[in-house]
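One-based numbering, in listed order, for ligands and for the atoms of each. Keep in mind the model is a prediction, meaning the values are calculated, not measured.
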Amino acid sequence: MQKVKLMNQSSSTSESTLTVLVTGANRGLGLEFCRQYVAAGYRVIATCRQPQKATELTELSERSSLAIMALDVTDSQAINRLGEQLQDQPIDILLNNAGIYGSQGQVIGNCHAEPWLNTFLVNSVAPMLITTALLPSLKLAKQPKVGFVTSKMGSIADNTSGGSYIYRSSKAALNAVIKSLAIDFADVVSMVALHPGWVRTDMGGPNGLIDVEESIAGMRKVIDNLSTADSGQFIDYKGVTVPW
Ligand code: NAP
């Protein structure tokens with residue numbers, strides 16, 4: 001794991017500055033989370049697989065207190081190292097954002113074990129491992145919050161069109177993880193399952209209904225309003241509850 005810029009190298013941040021850590025921060029929703037939290041005055045730790053190729057993040061880091069750290073979320077040793085490296089620094093908001101759709105054409109007869117299991121690793125297993133590895137940092141914050149970027153496609157109740165077996169099942173599994181974490185850490189860390197909307201990103205494609213700016217602004221508002229009392233909910237970027 002390569003640390004590109006240390007958090008304490010910035011002179012423009014103070015003790016009271018809140019810290020947010022974002023996974024999958026180099027493009028799409030993750031990059032926009034970073035842009036908006038930087039603009040709002042947060043200290044941002046942006047993690048991504050290949051910092052040397054993260055041109056937009058690097059530009060952002062050059063004019064802000066954003067620090068880039070390498071993290072492939074499928075690497076459990078790297079996750080543990082990240083937790084150890086940050087254990088003395090409070091993290092106020094953790095955003096488990098990195099995700100994949102899995103293979104294309106997830107129809108009957110075309111869902112294979114290898115891409116399916118890899119999708120589970122990225123979408124369902126990694127957010128749990130990252131959250132537990134970062135618990136010492138979360139516990140140092142005054143009002144720690146974890147936002148899990150899941151999807152309405154992981155909702156069993158909302159599934160009226162079938163298909164997308166790999167993606168749907170991986171996000172449904174993530175939803176079960178979020179619910180248990182919210183129960184196990186009630187009154188300690190607030191957890192929220194976030195549906196970003198159908199967003200125009202590489203994953204969402206050009207026909208998405210909203211742009212990243214609108215999605216992230218909405219999810220930030222949901223996170224701002226989150227308290228331990230409403231931990232464990234499934235909420236979309238408009239603040240509307242999504243059925244499980
Ligand atoms: P995206 O544009 O495809 O970006 C995905 C991000 O995840 C990239 O930064 C990617 O990094 C990262 N990532 C993938 N595998 C990783 C790994 N093993 N380790 C670290 N990072 C990894 O997708 P997006 O639309 O921004 O999606 C972000 C989240 O929103 C995902 O969890 C997705 O399921 C969820 N979501 C999106 C939509 C939508 O309409 N866009 C709707 C519902 C939910 P690389 O560049 O290295 O691949």
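Residues Ile210 and Trp198 form no side-chain contact, since every pair of their non-hydrogen atoms from C-beta on lies 4.5 Å or further apart.
When atom types are taken as modelled, the side chain of Gln233 and the backbone of Met191 share no donor-acceptor pair closer than 3.5 angstrom.
Under 4.0 angstrom from ligand 1, there are no non-hydrogen atoms of Tyr101. With a 4.0 Å heavy-atom cut-off, ligand 1 is reached by the side chain of Pro196 but not by its N, CA, C or O. Residue Leu71 touches ligand 1 through its backbone alone, judged by heavy-atom distances below 4.0 Å.
For Gly30, no nitrogen or oxygen atom sits less than 3.5 Å from a nitrogen or oxygen atom of ligand 1, counting backbone and side chain alike. For ligand 1, the polar-atom distance check finds no N/O of Gly28 at less than 3.5 Å from any of the ligand's N/O atoms. Inclusion of Ala25 in the set of residues having an N or O under 3.5 Å from an N or O of ligand 1 is not warranted. Between Val122 and ligand 1, not a single N/O pair is under 3.5 Å apart. In terms of polar-atom proximity, defined here as any N/O pair under 3.5 Å, Ser151 makes no such contact with ligand 1. On a distance-only criterion, Asp72 and ligand 1 share at least one N/O pair closer than 3.5 Å.
Seen from the ring of Tyr37, Arg220 counts as a face-on cation partner, given the 6.0 Å and 45° thresholds.
Using the six-membered ring where Trp is involved, Phe234 and Trp244 have ring planes that are tilted, between 30° and 60° apart.
Looking at Val199, Asp202, Val22 and measuring to atom 40 (O) of ligand 1, the nearest heavy atom belongs to Val199. Of the listed options Leu57, Thr150, Val149, Thr150 places a heavy atom closest to atom 44 (C) of ligand 1. Proximity annotation for atom 38 (C) of ligand 1: of Gly197, Gly204, Gly102, Gly197 comes nearest, heavy atoms only.
A side-chain hydrogen bond (donor to acceptor under 3.5 Å, both in side chains) check over residues 141-151, counting only residues at least two apart or in different chains, returns the pairs Thr150-Asn175.
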Contacts table for residues 130-138: side-chain donor-acceptor under 3.5 angstrom, sequence neighbours left out:
{"unit_1": "Thr131", "atom_1": "OG1", "unit_2": "Asn96", "atom_2": "ND2", "d": "3.0"}
{"unit_1": "Thr131", "atom_1": "OG1", "unit_2": "Pro127", "atom_2": "O", "d": "2.6"}
{"unit_1": "Thr132", "atom_1": "OG1", "unit_2": "Met128", "atom_2": "O", "d": "3.0"}
{"unit_1": "Thr132", "atom_1": "OG1", "unit_2": "Leu129", "atom_2": "O", "d": "3.1"}
{"unit_1": "Ser137", "atom_1": "OG", "unit_2": "Leu86", "atom_2": "O", "d": "2.6"}
{"unit_1": "Ser137", "atom_1": "OG", "unit_2": "Gln89", "atom_2": "O", "d": "3.0"}

